[in-house]
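In what follows, a structure is listed as structure tokens, so that the remarks can point back to it.
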Amino acid sequence: MSFLAQRLSRIKPSPTIAVTAKAAELKAAGRDVIGLGAGEPDFDTPMHIQEAAIAAMKRGETRYTAVDGTPALKQAICAKFKRENGLDYKPNQITVGTGGKQVLYNALMATLDAGDEVIIPAPYWVSYPDIVALCDATPVAVNCPQNNGFKLRPEDLDAAITPKTKWLILNSPSNPTGAAYTADELRAIAAVLLKHPQVWVLTDDMYEHLVFDGFKFATIAQVEPRLYERTLTMNGVSKAYCMTGWRIGYGGGPAPLIKAIATLQSQSTSNPSSISQAAAVAALSGPMDFVPRHNAIFQQRRDLVVDMLNKAKGLFCPKPDGAFYVYPSCAGAIGRTTPQGKRVENDGDFVEYLLEAEGVAVVQGAAFGLSPHFRISYATSTEVLRDACTRIQRACAALE
Ligand SMILES: Cc1ncc(COP(=O)(O)O)c(C=O)c1O
């Protein structure tokens, strides 16, 4: 009998965290390495949010709170959903967790049984299939290739739904591709879901505010109110507010689901940090002038990276609408040979070659369920990005 539970054999450590750790390890050993694996903004948390946390500590808000969020934070979240998404949620329809990841984890853990299926458009955020597998359920990946804009087509969704389908996970703008759904595209997906009343939607709106070129963000419960009763609208402060380390995420959905999530959380982590919750109130209720400022910088970086990668031999890089990732194809590098005589068989070999030859750490597309691609996070300085892309161009040119 193995000491470790069988369910552990179904999952692997997060590959994006692994790449970041590998880059840090090589750097510590003295190698000149550029890490483009991390999924977090390189800006500091805005000062008014930091100050709200300090003020909360000084007021003595350092104790347990209600398990799934303080009344003040739930109010601020209700106001945010109304103001930004036109969605009406009451406080008993709101859950707050330790990052968006916990909200997602809790929702799936609270609803999935063995044999249930969850539809996950691929490429996907690495954690979705593993969390589904941890819940003894079955992740069903639906291919969304580059020529579909990396987006789920309604007919492919329809074909993937079975009587066992419990959830569809949507993520827009997407990690890893940056692709984002327009309101019309969401409406077409909703039309399919209306035919299948047993399917719920978990929409991961974590990158809502990170959109470019005037793209208009939309979320599914807003564009199709008939899905409101079976949608969990998940969001958080990690990305837009540069608060990845504070660990606050939240969701809005039907009260019975929210209550089940609270029960689960009461027997696992209890409340998220009281101090972070106070900071999140300030984030959601305060000024947002830093968002367009950050986005202008992200957009410039995106344009630089897309332009430089499209000049690299064997690469093709579409221009995404949002988030801070690009997901170029390295199809033109597959089958070629490195100067060391190794044949590049797949995107895993390609990213290994980039790291070994030029010290650029990126994540292979296989980790996100669509190959041959790789993900670059451009949440780092323009100089570093220029250097990294020059190295990638050099590595690609050296392949025979
Ligand atoms: C698509 C997506 N959803 C959820 C999360 C988790 O966010 P948090 O840090 O709030 O747990 C991430 C973080 O990388 C993400 O990229």
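Heads up: numbering here begins at 1 and tracks the sequence. Everything quoted here is computed from the prediction, not taken from an experiment.
Side-chain contact between L168 and I189: present, with at least one pair of heavy atoms (C-beta onward) separated by less than 4.5 Å. Between R302 and F324 there is no side-chain heavy-atom pair separated by less than 4.5 Å. Between Q50 and M47 the shortest side-chain heavy-atom distance falls below 4.5 Å. In this structure the side chain of P41 reaches within 4.5 angstrom of the side chain of T244, judged on heavy atoms. With contacts defined as side-chain heavy-atom distances shorter than 4.5 Å, the pair L8/I11 qualifies. Put simply, the side chain of K151 does not reach to within 4.5 Å of the side chain of C144, judged on heavy atoms. With a 4.5 Å cut-off on side-chain heavy atoms, I161 and Q198 count as touching. Counting heavy atoms from C-beta outward, P320 and V306 have side chains that approach closer than 4.5 Å.
Note that the CG atom of L170 and the CE atom of M234 stand 12.0 Å from one another [nearest 0.5 Å]. From R301, atom CZ reaches atom CZ of F212 across 10.0 Å, with rounding to the nearest 0.5 Å. Note that the CG atom of L227 and the CZ atom of R187 stand 12.0 Å from one another [nearest 0.5 Å]. Note that the CG atom of L193 and the NZ atom of K195 stand 10.0 Å from one another [nearest 0.5 Å]. Once rounded to the nearest 0.5 Å, the distance linking CH2 of W167 with OG1 of T231 reads 8.0 Å. Atoms OG1 and CG, on T203 and L186 in that order, are 7.5 Å from each other to the nearest 0.5 Å.
A search for ring-ring contact (aromatic ring centres under 6.0 Å, His included) contacts involving Y325 returns Y207, not counting sequence neighbours. Every residue two or more places apart in sequence or in another chain that forms a ring-ring contact (aromatic ring centres under 6.0 Å, His included) with F81 is listed here: Y89, Y250. Partners of Y378 under the ring-ring contact (aromatic ring centres under 6.0 Å, His included) rule, at least two apart in sequence or in another chain, do not exist in this structure.
Between E208 and N85, the side chains place a donor N or O and an acceptor N or O closer than 3.5 Å (distance only, hydrogens not considered). Under 3.5 Å, the side chains of D184 and T182 contain no donor-acceptor pair of N or O atoms. No side-chain donor-acceptor contact under 3.5 Å links Q300 and T382. Judged purely by distance below 3.5 Å, without hydrogens or angles, the side chains of Q265 and N106 pair a donor atom with an acceptor atom. Between the side chains of H209 and N295, no donor-acceptor pair of N or O atoms lies under 3.5 Å. Between the side chains of Q146 and S329, no donor N or O sits under 3.5 Å from an acceptor N or O.
Within 6.0 Å of NZ in K164 there are 12 or fewer heavy atoms belonging to other residues, nucleotides or ligands. Residue-environment remark: CD (Q340) exceeds the threshold of 12 foreign heavy atoms within 6.0 Å. Residue R7 qualifies as open at atom CZ: its count of foreign heavy atoms under 6.0 Å is 12 or below. Few gaps surround CD on E155; more than 12 heavy atoms of other groups in view lie less than 6.0 Å from it. Enclosure of atom CZ in R59 by more than 12 non-hydrogen atoms of other residues, nucleotides or ligands within 6.0 angstrom is indicated.
Residues V211 and I297 fall into different hydrophobic clusters, defined by Ile, Leu, Val, Met, Phe, Trp and Tyr side chains chained together at heavy-atom separations under 4.5 Å. Residues V360 and L26 fall into different hydrophobic clusters, defined by Ile, Leu, Val, Met, Phe, Trp and Tyr side chains chained together at heavy-atom separations under 4.5 Å. Hydrophobic clustering of Ile, Leu, Val, Met, Phe, Trp and Tyr side chains at less than 4.5 Å, counting indirect connections, keeps I248 apart from L264. I77 and I275 sit in two unconnected hydrophobic clusters of ILVMFWY residues. Membership requires side-chain heavy atoms under 4.5 Å apart, directly or through other members. A continuous path of ILVMFWY side-chain contacts below 4.5 Å connects V291 to V281, so both sit in one hydrophobic cluster.
A donor-acceptor pair is defined here as one N or O able to donate and one able to accept, closer than 3.5 Å; such a pair exists between the side chain of T45 and the backbone of C242. K342 places no side-chain N or O within donor-acceptor distance of the main-chain N or O of Y353, the cut-off being under 3.5 Å. For the pair T95 (side chain) and G251 (backbone), a donor-acceptor distance under 3.5 Å is absent. No donor-acceptor pair closer than 3.5 Å links the side chain of N143 to the backbone N or O of P145. Between the side chain of R391 and the backbone N or O of E358 there is at least one donor-acceptor pair closer than 3.5 Å. Within the 3.5 Å criterion, the main-chain N or O of N235 finds no donor-acceptor partner in the side chain of D205. Of the possible polar contacts, one joining the N346 side chain to the D349 backbone as a donor-acceptor pair under 3.5 Å is found. Here the side chain of D347 pairs no donor or acceptor atom with the backbone of F374 at under 3.5 angstrom. Using a distance-only test at 3.5 Å, with no hydrogens or angles considered, no donor-acceptor pair links the side chain of S174 to the main chain of N171. No donor-acceptor distance shorter than 3.5 angstrom exists from the side chain of K166 to the backbone of W200, with no hydrogens or angles considered.
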Intermediate values then yes/no, side chain to side chain donor-acceptor pair (under 3.5 Å), E117 and T162: CA-CA 8 Å; E117 295 175 359; T162 76; 2.9 Å; yes
Working for side-chain contact (heavy atoms from CB on, under 4.5 Å), residues L194 and R226: CA-CA 8 Å; L194 288 173; R226 283 175 290 175; 3.5 Å; yes
Chi angles and distances behind the side-chain contact (heavy atoms from CB on, under 4.5 Å) call for V237, W246: CA-CA 9 Å; V237 294; W246 299 72; 5.5 Å; no
Under the side-chain contact (heavy atoms from CB on, under 4.5 Å) rule, what do E383 and R386 come out as? Steps first, then yes or no, please. CA-CA 5 Å; E383 302 81 76; R386 192 169 283 124; 5.7 Å; no
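The two residues P176 and P123 have their closest heavy-atom pair at CG-CB, 3.7 Å. Closest approach of S268 to Q102, counting heavy atoms only: OG-NE2, 4.3 Å. Closest approach of E345 to I334, counting heavy atoms only: O-CG2, 3.4 Å. Heavy-atom minimum distance, L309 versus L315: O-CB, 3.6 Å. Shortest non-hydrogen contact noted between H373 and C330 is N-SG, 4.0 Å. For the pair I94 and C78, the tightest heavy-atom approach, listed with the atom from each and the gap, is CG1-SG, 3.8 Å.
Ring orientation note: the planes of Y327 and F368 are nearly perpendicular, at an angle over 60° on the 30°/60° scale. Under the 30°/60° scheme for interplanar angles, the aromatic rings of Y128 and W125 are found to stand perpendicular. Between H294 and F290, the angle of the ring planes lies from 30° to 60°, which puts this pair in the tilted group.
For R10 and D136, the salt-bridge test passes: some basic side-chain N is under 4.0 Å from an acidic carboxylate O. A salt bridge is defined here as a Lys NZ or Arg NE, NH1 or NH2 lying under 4.0 Å from an Asp or Glu carboxylate O, and K319 with D213 fails to meet this definition. A salt bridge links K74 and D68; the closest N-O separation between the charged side-chain nitrogens and carboxylate oxygens is under 4.0 Å.
Under the side-chain contact (heavy atoms from CB on, under 4.5 Å) rule, L108 has a single partner from L134, L202, D116, which is L202.
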